[in-house]
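What follows is one structure encoded as structure tokens, with my remarks underneath.
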2 protein chains.
Amino acid sequence: MPADRGQGPTISEVAAEAGVGRATAARTLGGYGYVSPELRARVLAAAEKLGYRANALARSMSTGVSHTLGVIVADIGNPFFAGLLRGISDTARARGFDVIVLSTYENLQQEIAATNVLIDKRVDGVIVSSAALDRDQVAHIRAAMDRGIPVVLVDRAVAALDLDAVVIDNRDAAREAVEVLIAAGHRRIGFVWGPPVAQPPSTRRELLAAASASLWTDGERLRGYLDALDDAHIPFDPELVMAGPKTEERVVGEVGRMLALPDRVTAVFCTETDGMTGSLRALRKAGLSYPDDVALIGFDDSAWAAVMDPPLTMIAQPVHQLGAKAAEVLLDILGGAEPARTMHTLRSQLIQRASVAAPPE
Amino acid sequence: MPADRGQGPTISEVAAEAGVGRATAARTLGGYGYVSPELRARVLAAAEKLGYRANALARSMSTGVSHTLGVIVADIGNPFFAGLLRGISDTARARGFDVIVLSTYENLQQEIAATNVLIDKRVDGVIVSSAALDRDQVAHIRAAMDRGIPVVLVDRAVAALDLDAVVIDNRDAAREAVEVLIAAGHRRIGFVWGPPVAQPPSTRRELLAAASASLWTDGERLRGYLDALDDAHIPFDPELVMAGPKTEERVVGEVGRMLALPDRVTAVFCTETDGMTGSLRALRKAGLSYPDDVALIGFDDSAWAAVMDPPLTMIAQPVHQLGAKAAEVLLDILGGAEPARTMHTLRSQLIQRASVAAPPE
DNA sequence: CTGTTAGCGCCTTCAA
DNA sequence: TTGAAGGCGCTAACAG
């Protein structure tokens with residue numbers, strides 16, 4: 001007999017207080033089955049008086065459903081995911097579902113742990129932006145699926161997983177940005193990339209290989225960059241892409257390097273927010289300014305980007321919509337819909353401001 | 001009999017597979033009581049083979065504890081809270097607790113709903129940055145406490161609640177910032193404030209009243225502003241404080257107004273991130289620049305603030321530490337410690353960069 | 001050391 | 001329409 005932990009009144013106590021059987025109390029409180037108006041009123045009054053709240057755990061145990069969605073995001077500290085989450089929450093709440101959020105901070109071990117937490121807590125479905133790269137890194141997601149828990153991918157598709165994925169047109173978005181740069185006259189375009197590759201790719205082939213071994217989004221963005229270059233017949237130069245652990249410090253160093261090249265970069269395209277802040281610092285350090293010395297375009301718009309002087313040209317992702325769509329897809333599956341197992345692609349938007357000009361000279 | 005929902009194997013199935021009684025299986029899988037090495041191995045093997053995962057719901061039901069902390073933040077989209085959350089997660093995880101996060105988006109109704117979700121899911125304890133202003137807005141928190149669920153406040157203390165609260169020195173932080181402005185020679189210092197007051201306070205008394213009816217943090221920051229003014233014998237001018245719904249748009253308008261005053265503002269102190277971006281836009285609109293025309297200091301440092309040109313002087317809050325401390329306090333209470341019911345105050349830090357100079361002339 | 005047994009709070013047949 | 005009884009998966013006394 002566990003010590004009194006004040007769990008609050010149970011349905012039996014409410015039934016006793018109302019002078020009815022527990023089943024009757026359960027029916028009115030659970031909102032199912034028939035109960036006469038009078039008894040219903042008595043039960044409601046008793047519940048009110050006692051401050052009754054249903055034990056969701058007990059309820060889930062007997063019904064097998066929790067009306068709860070589990071969400072695993074890669075980094076809740078990233079405004080992108082925070083926005084995504086809001087889209088998910090809004091949609092889930094509107095349909096009567098609670099949301100449990102877990103952040104992995106881009107760490108696969110934490111993602112596995114998070115998945116297990118969600119399985120253990122018996123959520124009805126899962127939305128995940130996974131850090132998994134290949135076949136041997138998706139066992140945890142498979143485990144959830146095997147248990148009959150529907151999973152929807154968001155932001156990042158995973159090739160090894162044949163699931164619904166709600167994403168944006170990363171490749172097109174990147175291509176469009178680079179095309180804008182090219183149209184302005186640039187040919188030496190730096191690419192601040194994400195993946196922590198083992199060693200810097202020195203050929204196009206190695207780069208492509210690295211792309212395939214990276215997060216889907218990263219791969220797509222790289223392909224978009226290459227697409228634009230190819231279309232304009234601009235030769236690819238491995239010196240102009242930064243890969244490797246993308247801390248702001250490293251970005252500063254790498255962009256600095258590209259800026260110091262004999263045939264230096266005249267434009268920089270950043271695939272992440274911290275790529276942009278790092279690039280800005282590198283510019284300042286080199287005594288250069290934008291857009292005249294160097295043109296700049298980055299991913300993920302924000303209030304800050306708009307108030308920079310000059311304001312930054314950025315790619316805005318429809319974050320709220322992305323989350324909302326992911327929730328909808330999952331909720332539909334929970335509602336009985338057959339999973340489409342396809343990619344749902346949303347359009348991003350290039351917001352042209354004032355960080356792109358023609359190259360110097 | 002609910003349809004097969006593939007909940008995964010139960011302890012009984014594992015026991016059967018291993019050829020032992022369920023209690024034995026439960027003991028080894030639950031990690032309690034004595035089990036002989038041989039049987040233990042057999043059970044473990046069977047569990048492994050079947051892919052057994054304990055049902056956390058069932059476990060919580062019989063033990064009465066969930067090893068889960070519930071966290072209610074005001075706005076997960078605010079990097080401040082995202083950082084806080086990381087501090088909480090890191091600490092909780094280290095002590096074997098899961099964390100459930102709910103965001104209220106500054107809406108009291110959602111906060112109440114969130115609290116109920118946590119009560120219903122039987123979390124062991126709750127950390128909340130509440131939007132509650134006064135006595136009649138804390139019933140939901142009281143309800144949790146009445147059920148024996150320990151609650152710790154974070155970021156915002158609530159006068160009507162006698163609970164442990166982990167906060168920063170908002171008043172001192174604001175005073176220090178304004179003192180820096182005064183030391184630089186400013187006497188016309190604009191204050192971009194938060195609370196959505198009914199009507200703009202036109203006297204010091206009204207302002208103080210508004211402060212008492214606002215979020216604790218907002219009240220403290222206002223008092224700090226006033227402290228600094230008083231110490232320097234600078235008369236308070238209601239025209240220099242902006243209150244009311246703090247959208248970026250409104251900030252632009254209000255700061256614009258302060259900039260257009262005959263005896264215009266020469267410095268602006270912002271209590272929130274969007275206050276700063278709004279002020280920056282207002283400056284640009286007025287054709288003014290910082291730090292020469294107007295000095296600027298804001299709350300909540302970020303990578304962007306550091307790369308602005310010139311870089312912004314900001315107040316950095318120890319977000320991770322704030323979250324970690326809140327989690328520690330709560331976990332200690334869960335561990336049996338007596339709640340101190342006091343304020344745990346952490347120090348913020350004013351990071352001086354280059355947005356403050358002497359006033360023009 | 002191991003197995004049996006009785007709940008945790010709720011939902012859900014099944015009779016009455 | 002209502003109440004009694006059994007079960008969800010697990011823990012925890014209790015015998016053996």
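For the numbers below, each heavy atom of this structure counts, side chains included, while hydrogens, waters and symmetry mates do not. Every chain is numbered from 1, with letters handed out A, B, ... down the list of sequences.
- The interatomic distance linking B:D120 (CG) with C:dG9 (P) rounds to 14 Å, in whole Å.
- With rounding to whole Å, B:M61 atom CE is found 4 Å from C:dC8 atom C1'.
- Heavy-atom contacts from other residues, nucleotides or ligands closer than 6.0 Å to CZ of B:R42 number more than 12.
- Straight-line distance from the CZ atom of B:R59 to the C1' atom of C:dG9: 18 Å, rounded to whole Å.
- Nearest to the side-chain atoms of B:A23 among the listed nucleotides C:dT12, D:dG9, D:dA12 stands D:dA12.
- Counting to the nearest Å, the C1' atom of C:dG9 and the CG atom of A:N55 are 6 Å from each other.
- Looking at A:D332 and A:R95, a side-chain N of the basic residue comes within less than 4.0 Å of a carboxylate O on the acidic one, giving a salt bridge.
- Distances were taken from every side-chain heavy atom of B:A58 (C-beta onward) to each of D:dG9, D:dA12, C:dC10; the shortest belongs to D:dG9.
- Within the nucleic acid shown, A:R22 has no heavy atom closer than 4.0 Å to any nucleic acid atom.
- When rounded to the nearest whole Å, the span between CZ of B:R53 and P of D:dC10 equals 12 Å.
- In this structure, B:R122 atom CZ and C:dC8 atom P are separated by 14 Å, rounded to whole Å.
- Regarding contacts with the backbone of D:dT2, every side-chain N or O of A:T24 stays at 4.0 angstrom or more from both OP1 and OP2.
- Atom NE2 of B:H320 is surrounded by more than 12 heavy atoms from other residues, nucleotides or ligands within 6.0 Å.
- Side chain of A:S66 to main chain of A:R122: a donor-acceptor pair is present (N/O by atom type, distance under 3.5 Å, no hydrogens or angles).
- Proximity note for B:V20 (side chain, C-beta onward) versus D:dT11, D:dG3, C:dG3: the nearest is C:dG3.
- When the nucleotides D:dC8, D:dA12, D:dG9 are ranked by their closest atom to the side chain of B:T10, D:dG9 comes out on top.
- In terms of modelled atom types and a separation under 3.5 Å, the side chain of A:T104 and the main chain of A:E111 share no donor-acceptor contact.
- Nucleotide C:dG9 holds its C1' atom 12 Å from the CG atom of B:L57, rounded to whole Å.
- A cation-pi arrangement is present between B:R86 and A:Y105 under the rule of less than 6.0 angstrom and at most 45 degrees off the ring axis.
- Sorted by first and then second residue, the side-chain hydrogen bond (donor to acceptor under 3.5 Å, both in side chains) pairs with a member in residues 155-167 of chain A read A:E106-A:R156, A:D164-A:H344; sequence neighbours excluded.
- The NZ atom of B:K121 sits 18 Å away from the P atom of C:dG9 (whole-angstrom rounding).
- The nucleotide whose nearest atom lies closest to any side-chain atom of B:Y52 is, among C:dG9, D:dC10, C:dC11, D:dC10.
- Listed in residue order, the members of residues 28-45 of chain B having a heavy atom less than 4.0 Å from DNA chain D are B:Y32.
- Nearest to the side-chain atoms of A:I11 among the listed nucleotides C:dG3, D:dG3, C:dC11 stands C:dC11.
- Checking D:dT11, C:dC10, D:dT2 against the side-chain heavy atoms of A:R27 singles out D:dT2 as nearest.
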